[in-house]
Amino acid sequence: MTEEINIVETEPIQIEHPNVVIGLPDVGLVGLIATMHMIETLKMERVGYIESKLFPPVVVLHNGEIQSPIKMYAKDNNIAIVSEIPIPTGAIYDLSDALLKHVKKWDPNVVVLLHGIPVPNRLNLEEVQSYAIGTNDKTKKLIAESNIKTMDTGVVVGLKAIFLWDSLKENIPTIALGAESFLEYPDPGAASSVVIALNKLLNLDLDVEALLNKAEELRVRMRDLMRRTQETMRGTQPVRELELPPMFG
Amino acid sequence: MTERKRLIDRMRDFIADIERDVMEAFGEIFEDKCTWDPEECCLEPLTNIIETEEEIIITADLPYVKKENISLHVAEGMLDLQATLEQPVKFAQWGTIQRNTEFKKFHKYIKLPATVDTDKINAVFKNGFLRIYIPKKIKRIKIKIE
């Protein structure tokens, strides 16, 4: 069913072993905010888009230009994939499958899925913690060398769950990198924690202070997307990430 | 035939009742409405309501707001939340009517899901988030077990 998802490179991507960062709207919009910050800071260029009849019939306008809401950007050895719309539950498997097949062709150095981890006491946390999950020895080593805590026991839901599972089977070096976040509010604070960890993982120098300085603007700007994302997330039940898996390792 | 038609009509009414109940129950969730009002120059804040046995806890995300600029009123089972923004928000290239609007406040009416004790409402404002603790008016009756 992957043929229902069309990944188009408008500028052919010819980066050897790129770092691929994916930020889709989910818990606290953490992945999206962090990936957008990376795209803006590195002045990445738009190089493609993803379209599908499984997505809502939406285009976005930026400076008078009609764009797909799901876009790909590239600069140096980095590729970023970002979505301005929540991914409908019914499209998650197909999108994950299509992304994995496409990313595999790039023979990536590492794929990093950015996301939020819902925590009920977020309002009381002055500093939030980032956690990573790696799919193979290479990514686990990279996580350890970057001094990022690992998520050892828990439940993962949504597109990242499918992508992680298929990456494991296909031996694609994938890391899910998340930070403790509000579930239902845009969380630039959590996104900044993810950016700090991403800097270590990919040896980047993204300005965290700049992201925190526009936190209030982001919280106002992203109210509508957060509301829609929350409606969409009901299908994937993100609060299951707070649950303990019943079996022992 | 008449009996069969009557039965089908009753089933239709029954299904219509269920549809109405479901729409009422989920109406708020699926309600598709704007979160901004250019005439009032206000934005609707993101809110979350948690209902426990004892109280209703409402949280609202209020960026660009200071504590002294928040006003809260409760009447007739509705909470009226208003907060003036420290600086007006304007997105110059956004949409049509929005691009000329300076949004100056947050405003939202929240329907309270239970009868509440208005004298004991408490609110805390921290890091741009308002949390309102609203105790329920609960009349407890002890049931004798024989």
Side-chain angles (χ1 to χ4, degrees), chain A residues 25 27-29 33 56 58-67 84 86 118-128 180-192 211-235 238-239 242, chain B residues 25-37 41-50 52 57-66 69 83-96 98-99 101-108 123-133:
Chain A
V27 172
L29 302 179
I33 295 170
V58 174
V59 292
V60 291
L61 289 163
H62 289 293
N63 299 316
E65 188 187 346
I66 300 167
Q67 296 178 8
E84 295 187 70
V119 287
N121 63 335
R122 171 67 181 95
L123 193 53
N124 299 324
L125 299 177
E126 292 300 331
E127 276 187 30
V128 292
E180 295 166 324
S181 164
F182 287 114
L183 169 64
E184 62 280 90
Y185 308 113
D187 197 335
S192 69
L211 176 58
L212 288 171
N213 285 342
K214 58 182 178 186
E216 289 190 296
E217 183 196 332
L218 288 167
R219 279 162 61 199
V220 172
R221 184 185 275 264
M222 295 203 166
R223 286 170 312 117
D224 285 326
L225 178 60
M226 189 70 253
R227 197 168 55 98
R228 296 220 174 271
T229 302
Q230 227 193 321
E231 285 167 13
T232 308
M233 283 193 303
R234 282 178 221 283
V239 286
L242 300 172
Chain B
F26 290 97
E28 217 165 282
I29 294 168
F30 295 120
E31 200 175 11
D32 212 7
K33 57 177 183 179
C34 270
T35 58
W36 44 272
D37 179 348
C41 295
C42 71
L43 300 166
E44 186 182 310
L46 287 173
T47 54
N48 181 39
I49 304 175
I50 296 169
T52 69
I57 304 167
I58 298 174
T59 308
D61 184 9
L62 300 174
Y64 291 124
V65 167
K66 281 188 169 174
N69 296 329
T84 309
L85 302 179
E86 209 184 350
Q87 60 185 76
V89 172
K90 188 177 178 180
F91 297 103
Q93 293 187 336
W94 174 34
T96 55
Q98 308 96 308
R99 68 173 67 178
T101 308
E102 280 199 338
F103 294 100
K104 292 172 182 163
K105 63 178 180 179
F106 284 113
H107 189 198
K108 187 167 185 171
V124 178
F125 188 64
K126 185 183 176 189
N127 297 338
F129 285 84
L130 180 68
R131 187 160 280 180
I132 312 156
Y133 300 89

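To find a chain, count down the sequence lines: A is the first, B the second, and so on, and within it residues start at 1. What you see is a predicted model, and the numbers here were worked out from it, not measured in a lab.
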**OP:** Going by the side chain to side chain contact (heavy atoms under 4.5 Å, CB included) test, name the single residue among B:F103, B:F91, B:W36 that passes it with A:V220.
**Re:**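 In the set B:F103, B:F91, B:W36, the residue that makes a side chain to side chain contact (heavy atoms under 4.5 Å, CB included) with A:V220 is B:F91.
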
[X] portion near chain A, given a 4.5 angstrom heavy-atom threshold:
X	answer
B:T59	both
B:F106	side chain
B:L85	neither

Original post:
When only pairs under 4.5 Å are counted, which of B:L62, B:V65, B:L43, B:V89 shares the most heavy-atom pairs with chain A?
Top reply: B:L43

**OP:** Return the set of residues passing side-chain hydrogen bond (donor to acceptor under 3.5 Å, both in side chains) with B:K104 (not counting sequence neighbours), or none when no residue passes.
**Re:**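 Here no residue qualifies.
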
Subject >> Partners meeting side-chain hydrogen bond (donor to acceptor under 3.5 Å, both in side chains) with A:Q230 (sequence neighbours left out) >> reply: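 Once residues adjacent in sequence are excluded, A:Q230 has no partner under the side-chain hydrogen bond (donor to acceptor under 3.5 Å, both in side chains) criterion.
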
Subject >> Rounded distance [0.5 Å steps], CD in A:E216 versus CG in B:D61 >> reply: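 Here the rounded value is 9.5 Å.
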
Original post:
Going from CZ on A:R122 to CG on B:N127, what distance comes out if it is rounded to the nearest 0.5 angstrom?
Top reply: 8.0 Å

Original post:
Taking the side chain from A:R219 and the backbone from B:G128, do they hold a donor-acceptor pair closer than 3.5 Å?
Top reply: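 Side chain of A:R219 to backbone of B:G128, a donor-acceptor pair under 3.5 Å: yes, one is there.
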
**OP:** Compare every heavy atom of B:T47 with every heavy atom of A:Y185, then report the nearest pair and how far apart it is.
**Re:**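 Looks like OH-C, 3.7 Å.
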
Subject >> Option in A:H62, A:E184, A:E126 with maximal non-hydrogen atom pairs under 4.5 Å from chain B >> reply: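 Among the listed options, the one with the most contacts to chain B is A:E184.
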
Subject >> Heavy-atom neighbours of A:K214 NZ exceed 12 at 6.0 Å >> reply: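 Atom NZ in A:K214 is packed in, count exceeds 12.
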
Original post:
Is the closest side-chain heavy-atom distance between A:P186 and B:L46 below 4.5 Å?
Top reply: yes

